[in-house]
Amino acid sequence: MLKQRMITAAWLAPVTLIGLFGLQGGAFALFTALIVLLGTWEWTNLAGVIAARTRLALVAGMAVLMALLWLSGAAFAVWPLWLAAAGWLLNLYWVTHYPDSSQQWQATSRRLLMGVWVLLPCWVGFNVLRESGAVWLLFVLLLVWTADIGAYFAGRRWGKRKLAPRVSPGKSWEGVYGGLAATTLLALLFAIWQPLGAMGGVALVVITAVVTLISVLGDLLESMLKRHRNIKDSSQLLPGHGGVLDRIDSLTAAIPIFALFYLQVLPLQVGAL
């Protein structure tokens with residue numbers, strides 16, 4: 001298994017980095033659309049759709065939605081990001097009230113609808129942040145990775161209080177605090193590097209804390225759906241690593257919410273300097 005993980009990582013890492021930071025415009029949108037469509041294929045399984053033809057038809061439907069957003073210019077609009085914000089508030093309620101809440105979302109049609117507000121705004125967020133010159137796309141990627149690393153080491157060293165034992169027994173509140181501490185340091189370093197100044201720096205630290213917590217929610221949401229379906233991984237598309245959603249679950253929440261803050265809050269704070 002370790003050998004297979006290393007082989008997959010050896011080609012996956014460079015392809016991902018080239019795609020995210022070497023491509024622009026339509027090529028970048030197409031690359032990230034492919035990632036999201038692979039995630040859509042896996043989401044149909046999480047939703048309980050078994051027939052391959054039906055799953056392919058649903059993936060095709062998502063592709064049509066993406067094409068319509070691109071042709072209309074909405075692939076860079078703010079309203080899909082507001083849709084994500086509303087959707088993740090609902091997701092938060094469902095995760096924190098699991099398993100009682102499962103009666104509200106267990107229908108296949110509702111889980112498919114959930115996938116629309118999780119995956120489609122994520123693609124829009126990717127496009128918005130890449131248009132920033134990739135600096136803020138880099139930041140949110142580092143934010144998620146830093147949060148994971150901080151949570152892992154803090155949880156392993158001090159973890160006692162379970163965060164969501166019915167959803168993901170391995171996560172602890174101490175891990176969350178460790179992730180927050182690590183991403184706060186990252187935000188301070190970025191605020192100095194840009195530079196954003198005092199008001200912009202404070203805004204970035206606050207935004208980073210919120211997005212860090214939302215990234216944890218993204219992980220928990222997928223864990224909840226996998227637990228409901230009684231599966232370990234979203235798929236085996238990435239040998240040794242599980243599925244695409246297993247790699248981007250935190251990003252599906254962090255990317256659109258950070259992009260929303262980027263459009264609605266950061267320009268105001270930086271402009272006020």
Side-chain angles (χ1 to χ4, degrees), residues 12-25 28-29 31-32 35-36 75-78 80-82 84-85 88 121-155 171 173-219 247-273:
L12 183 62
V15 168
T16 302
L17 291 174
I18 291 172
L20 292 179
F21 299 105
L23 302 177
Q24 301 181 56
F28 175 85
F31 175 78
T32 49
I35 295 174
V36 171
F76 300 91
V78 70
L81 306 178
W82 282 113
W88 282 103
C122 178
W123 179 65
V124 173
F126 268 118
N127 293 326
V128 167
L129 294 177
R130 185 63 181 88
E131 284 295 293
S132 74
V135 170
W136 293 111
L137 175 60
L138 173 64
F139 175 77
V140 73
L141 292 174
L142 290 175
L143 184 156
V144 169
W145 296 334
T146 301
D148 284 345
I149 294 170
Y152 174 79
F153 285 106
K171 288 184 171 54
W173 280 106
E174 290 79 8
V176 172
Y177 300 147
L180 282 169
T183 57
T184 297
L185 177 59
L186 175 69
L188 291 172
L189 293 174
F190 253 73
I192 294 171
W193 175 41
Q194 278 306 293
L196 298 181
M199 289 296 293
V202 170
L204 184 61
V205 168
V206 173
I207 290 169
T208 296
V210 173
V211 175
T212 299
L213 294 175
I214 290 172
S215 74
V216 176
L217 177 59
D219 191 328
R247 303 276 65 83
I248 68 168
D249 50 3
S250 297
L251 286 173
T252 59
I255 288 283
I257 301 304
F258 185 84
L260 180 61
F261 280 125
Y262 169 75
L263 291 177
Q264 301 288 284
V265 178
L266 276 179
L268 298 178
Q269 297 301 323
V270 175
L273 297 178

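Note that these values count all heavy atoms, side chains included, but never hydrogens, waters or copies made by symmetry. Note that this is a predicted model, so its numbers are computed, not measured.
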Say you draw a straight line from [atom1] of [X] to [atom2] of [Y]; how long is it, rounded to the nearest 0.5 Å?
| X | Y | atom1 | atom2 | result |
| --- | --- | --- | --- | --- |
| I257 | L213 | CD1 | CG | 12.0 Å |
| R247 | T16 | CZ | OG1 | 11.0 Å |
| L263 | F76 | CG | CZ | 11.5 Å |
| I149 | T183 | CD1 | OG1 | 11.5 Å |
| L180 | W173 | CG | CH2 | 9.5 Å |
| S250 | I214 | OG | CD1 | 11.5 Å |

Show me the donor-acceptor pairs, under 3.5 Å and distance only, between side chains in residues 127-135 and residues at least two apart or in other chains.
from	atom 1	to	atom 2	distance (Å)
N127	ND2	W123	O	3.3
R130	NE	L20	O	3.2
R130	NE	L23	O	3.1
R130	NH2	F21	O	3.4
R130	NH2	L23	O	3.1
S132	OG	L129	O	2.4

Dump the intermediate steps for side chain to side chain contact (heavy atoms under 4.5 Å, CB included) on L137 and I255, then the final yes or no. CA-CA 8 Å; L137 175 60; I255 288 283; 4.1 Å; yes
[X] and [Y]: which non-hydrogen atoms are nearest, and at how many Å?
| X | Y | value |
| --- | --- | --- |
| A182 | G150 | CB-CA, 4.2 Å |
| V124 | A77 | CG1-O, 3.6 Å |
| L143 | T212 | CD2-OG1, 3.7 Å |
| P121 | P256 | O-CB, 3.6 Å |
| G175 | A154 | CA-CB, 4.3 Å |

Derivation and outcome, side chain to side chain contact (heavy atoms under 4.5 Å, CB included), residues T32 and F28: CA-CA 6 Å; T32 49; F28 175 85; 3.6 Å; yes
Stepwise side chain to side chain contact (heavy atoms under 4.5 Å, CB included) check, L141 with L251: CA-CA 8 Å; L141 292 174; L251 286 173; 3.8 Å; yes
Apply the test side chain to side chain contact (heavy atoms under 4.5 Å, CB included) to residues F126 and V140: give CA-CA distance (whole Å), side-chain angles for both, the deciding distance (0.1 Å), then the verdict. CA-CA 10 Å; F126 268 118; V140 73; over 6 Å; no
Is the number of heavy atoms from other residues, nucleotides or ligands under 6.0 Å of Y177 OH greater than 12? yes
Within a radius of less than 6.0 Å around CZ of F153, do more than 12 heavy atoms belonging to other residues, nucleotides or ligands occur? no
Partner of T208 by side chain to side chain contact (heavy atoms under 4.5 Å, CB included), out of F190, F139, F261: F139
